[in-house]
Amino acid sequence: MKNTQLFLTGITTIALLTGGCSDLKDTLPPVAENTGVHPAGWLTKTSADFHGNAIRNQGWDMRPCRTCHGSSYTGGTSMVSCRTCHTEVLGPEHCNVCHGSASNSAPPRDLSGNTDKSFRGVGQHQVHVMGTARTAPVGCSTCHVLPAGDIYDPNHIDANPGQAEVNMTGLAAKRTAGATPVPVYYTQSTACGNTYCHGQFKNGNGDNPMFWVGGAALSGACGSCHGDVSRPTLAERALPKTAAQGGTHPNNLNCANCHGDVVNASLQFVDPSKHVNGYLNVFGQVREF
Ligand code: HEC
Ligand code: HEC
Ligand code: HEC
Ligand code: HEC
Ligand code: HEC
Ligand code: HEC
């Protein structure tokens, strides 16, 4: 009786091992024999049963996985560690596992796997978080409340995980003399308005909406945040409101003479980290304005 049982168990194990291997051929290497806990396509990225899809379909909740894979995903009773493949510090909870890429955790890719800027999940993320040749990088917390403690902070993955919350603070709401921005993001149109960054500051162009997706031609053009895009030269376009427009900026086009820390005489940016950083750089000094 005992011998028969052992013999049968042996056969079953061999069958499962073989089945497991052939099922997973041409996909990711199996890290343990298939005990039937998970469906066949669990490690196949293109399968509807891929474990990433299963997690998405349960509202991105990986806490049930911890029951068997351990509280830190190092194996637990299943003896299969998620960290064999998800090697970054936070394992499968690392900030770029569900959104973002190797460069940063902002999309692309977005939560649906999209990488094109025409998807609202992707939009203008990279130009903001990476900065450009003429602007300082903008951190996530300027536009979002970051998860505190762990990823299951209710501010992060909430009851509607298909919709990210945009909540602009910090630089976006920076006050200057006579201008108090009240930043707002319109989810439907993807318009972003009333921000410090795009012109709601002293002598700037405060009434200038930007679009996260399908941006109007204005977006990012010199003169869109301060000055007048319709003027012929770069300096004329960038010149903030002078007395003639009801402002206080000196009517002087030699920007580099006074803002030499930021631009040179050909209006190339010598230090983009000082542009759109919330402070005025003038006469070699850093100033509130
Ligand atoms: C054998 C390797 C392997 C193991 C083990 C593994 N994963 Fe993954 N996982 C992957 C791969 C590959 C991807 C897809 C990455 C990509 O799309 O670039 C992925 C994707 C994910 C995603 C992202 C889903 C998405 O669509 O954005 C989550 C979340 C995840 N895994 C959680 C886990 C958890 C939790 C465990 C352990 C319980 C685990 N993984 C174990 C290989 C593995
Ligand atoms: C009831 C316990 C249990 C739960 C819950 C569980 N797993 Fe597993 N998992 C296992 C066992 C046991 C194995 C090893 C044997 C196997 O592959 O069937 C495993 C293997 C895996 C593997 C490796 C697959 C392979 O064939 O190499 C991945 C990836 C994985 N689990 C991801 C997850 C994810 C993601 C979750 C949560 C959505 C999860 N598991 C929930 C028990 C569990
Ligand atoms: C300039 C503002 C801004 C910054 C900076 C920013 N985001 Fe976003 N984020 C947005 C907007 C706008 C959306 C789109 C909201 C919508 O309409 O669904 C969004 C959406 C998202 C989404 C949801 C994607 C999806 O599939 O729907 C994630 C995830 C996200 N952001 C993460 C980040 C992370 C991580 C960072 C920092 C590394 C970051 N964002 C920086 C404005 C920003
Ligand atoms: C398990 C998948 C997953 C992981 C891991 C993850 N996120 Fe997210 N993240 C989401 C989802 C889903 C959303 C959008 C859902 C929502 O707003 O309810 C989101 C949205 C965001 C947003 C946009 C604002 C918001 O909450 O809507 C930011 C910023 C963000 N995540 C940062 C992070 C950071 C930082 C980490 C690492 C500590 C991280 N995420 C790890 C799934 C994940
Ligand atoms: C003669 C010195 C001088 C020159 C030349 C100059 N600026 Fe300024 N700039 C200032 C001063 C002073 C302020 C602070 C003015 C204020 O807040 O009333 C300032 C402020 C600014 C601001 C913040 C908004 C504001 O008006 O406070 C911007 C933007 C700016 N300058 C851009 C430019 C550009 C672009 C040029 C070239 C077309 C330029 N400046 C040329 C002295 C100068
Ligand atoms: C995305 C909006 C935006 C665009 C586009 C933009 N600026 Fe600015 N610029 C600002 C803001 C905001 C300030 C206020 C000071 C700060 O935060 O750096 C500023 C300040 C300046 C200053 C004053 C020095 C400083 O940073 O304190 C100069 C010079 C300047 N901009 C030149 C230009 C030129 C030239 C262009 C076009 C090639 C341009 N800007 C396009 C937003 C913009």
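Note that ligands are numbered from 1 as they come in the structure, with each ligand's atoms numbered from 1 the same way. Quick caveat: nothing in here was measured; it's all calculated off a predicted structure.
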Check: With a distance cut-off below 6.0 Å to the six-membered ring centre and an angular limit of 45° from the axis, does K274 pair with F269 as a cation-pi contact?
Finding: no

Notebook entry, point to check: Would R63 count as a cation-pi partner of Y152, with NZ or CZ less than 6.0 Å from the six-membered ring centre and within 45° of the ring normal?
Noted result: yes

Nearest protein heavy atom with distance in Å, relative to [atom]:
{"atom": "atom 4 (C) of ligand 6", "value": "C225 SG, 3.4 Å"}
{"atom": "atom 32 (C) of ligand 6", "value": "H226 CE1, 3.7 Å"}
{"atom": "atom 26 (O) of ligand 6", "value": "K274 O, 3.2 Å"}
{"atom": "atom 18 (O) of ligand 6", "value": "V276 N, 2.8 Å"}
{"atom": "atom 27 (O) of ligand 4", "value": "E165 N, 3.0 Å"}
{"atom": "atom 38 (C) of ligand 6", "value": "C222 SG, 2.7 Å"}
{"atom": "atom 17 (O) of ligand 6", "value": "Y196 OH, 2.5 Å"}

Next item on the list: Report yes if R109 has an N/O atom closer than 3.5 Å to an N/O atom of ligand 1; otherwise report no.
Entry: yes

Next item on the list: Using distance alone, determine whether N53 and ligand 1 share an N or O pair under 3.5 Å.
Entry: no

For ligand 6, find out whether one of its N or O atoms is nearer than 3.5 Å to an N or O atom of [X].
{"X": "N281", "result": "yes"}
{"X": "A238", "result": "no"}
{"X": "H198", "result": "no"}
{"X": "G223", "result": "no"}

Any side-chain to backbone donor/acceptor pair from [X] onto [Y]? Under 3.5 Å, distance only.
{"X": "N251", "Y": "A243", "answer": "no"}
{"X": "N96", "Y": "S101", "answer": "yes"}
{"X": "Q126", "Y": "P107", "answer": "yes"}
{"X": "R56", "Y": "L111", "answer": "yes"}
{"X": "R83", "Y": "V89", "answer": "yes"}
{"X": "T190", "Y": "V213", "answer": "yes"}

Next item on the list: Going by the side-chain contact (heavy atoms from CB on, under 4.5 Å) test, name the single residue among T187, D158, N160 that passes it with E165.
Entry: D158

With heavy atoms under 4.0 Å as the rule, classify the contact between [X] and ligand 6 as side chain, backbone, both or neither.
{"X": "F201", "answer": "side chain"}
{"X": "A235", "answer": "neither"}
{"X": "V262", "answer": "side chain"}

Report yes if [X] has an N/O atom closer than 3.5 Å to an N/O atom of ligand 4; otherwise report no.
{"X": "D158", "value": "yes"}
{"X": "W60", "value": "no"}
{"X": "H144", "value": "no"}

Notebook entry, point to check: What do you reckon, is CZ of F289 surrounded by more than 12 foreign heavy atoms closer than 6.0 Å?
Noted result: yes

Note to self: Between ligand 1 and I55, can you find any atom pair, the residue atom being a heavy atom, that is separated by under 4.0 Å?
What the structure shows: yes

Check: With a 4.0 Å cut-off on heavy atoms, does R66 reach ligand 1?
Finding: no

Enumerated ligand 1 atoms positioned under 4.0 Å from heavy atoms of [X]:
{"X": "L43", "result": "1 (C)"}
{"X": "M62", "result": "29 (C), 32 (C), 35 (C)"}
{"X": "K45", "result": "16 (C), 17 (O), 18 (O)"}
{"X": "C85", "result": "1 (C), 2 (C), 3 (C), 4 (C), 5 (C), 42 (C), 43 (C)"}
{"X": "V97", "result": "22 (C), 23 (C), 27 (O), 28 (C), 29 (C)"}

Check: Which atoms from ligand 6 have a heavy atom of C197 less than 4.0 Å away?
Finding: 1 (C), 2 (C), 12 (C), 42 (C)

Next item on the list: Dump the intermediate steps for side chain to side chain contact (heavy atoms under 4.5 Å, CB included) on T77 and T67, then the final yes or no.
Entry: CA-CA 8 Å; T77 53; T67 319; over 6 Å; no

Check: Parallel, tilted or perpendicular for H51 and W42, by the 30°/60° rule?
Finding: tilted

Next item on the list: Below 4.0 angstrom from a heavy atom of P92, which ligand 4 atoms are there? Numbered from 1 as shown, please.
Entry: 5 (C)

Checklist line | Subset of ligand 4 atoms that lie under 4.0 Å from at least one heavy atom of I157 | finding: 10 (C), 11 (C), 18 (O), 42 (C), 43 (C)

Next item on the list: Verify whether one side chain among S230 and D228 offers a donor that lies under 3.5 Å from an acceptor in the other.
Entry: yes

Check: Where is the tightest heavy-atom contact between D116 and V122, given as atom of each residue plus distance?
Finding: O-CB, 3.3 Å

Nearest non-hydrogen contact with [atom] belongs to which option: [options]?
{"atom": "atom 1 (C) of ligand 4", "options": "G121, C98, G162", "answer": "C98"}
{"atom": "atom 20 (C) of ligand 4", "options": "H156, R63, R56", "answer": "H156"}
{"atom": "atom 41 (C) of ligand 4", "options": "L111, I151, N155", "answer": "I151"}
{"atom": "atom 29 (C) of ligand 6", "options": "R287, R134, H259", "answer": "H259"}

Check: With atom 8 (Fe) of ligand 6 as the point of reference, which N/O/S atom of H275 is the closest?
Finding: NE2

Notebook entry, point to check: Is there a heavy atom of A221 sitting under 4.0 angstrom from any atom of ligand 6?
Noted result: yes

If you define the side chain from C-beta out and look only at heavy atoms, does anything of [X] sit under 4.5 Å from [Y]?
{"X": "L267", "Y": "C255", "result": "yes"}
{"X": "H69", "Y": "S78", "result": "yes"}
{"X": "V127", "Y": "T132", "result": "yes"}

Note to self: With a cutoff of 4.0 Å, is P161 in contact with ligand 4, counting heavy atoms of the residue only?
What the structure shows: yes

Note to self: So, 4.0 Å and heavy atoms of H94: is ligand 4 close enough to count as a contact?
What the structure shows: yes

Next item on the list: Using 2.8 Å as a strict upper limit, say whether an N, O or S atom of C95 approaches atom 8 (Fe) of ligand 4 that closely.
Entry: no

Check: Looking at atom 8 (Fe) of ligand 1, is one of the N, O or S atoms of C82 less than 2.8 Å from it?
Finding: no

Next item on the list: Kindly state whether the ring of H128 and the ring of W212 have centres lying under 6.0 angstrom apart.
Entry: yes

Margin query: Can you confirm if the aromatic rings of H86 and Y73 lie within a centre distance of less than 6.0 Å?
Written below: no

Notebook entry, point to check: Looking at R231, E236, R237, which hits side-chain hydrogen bond (donor to acceptor under 3.5 Å, both in side chains) with T233?
Noted result: E236

Check: Do NZ/NE/NH1/NH2 and the carboxylate oxygens of E288 and K202 come within less than 4.0 Å?
Finding: no

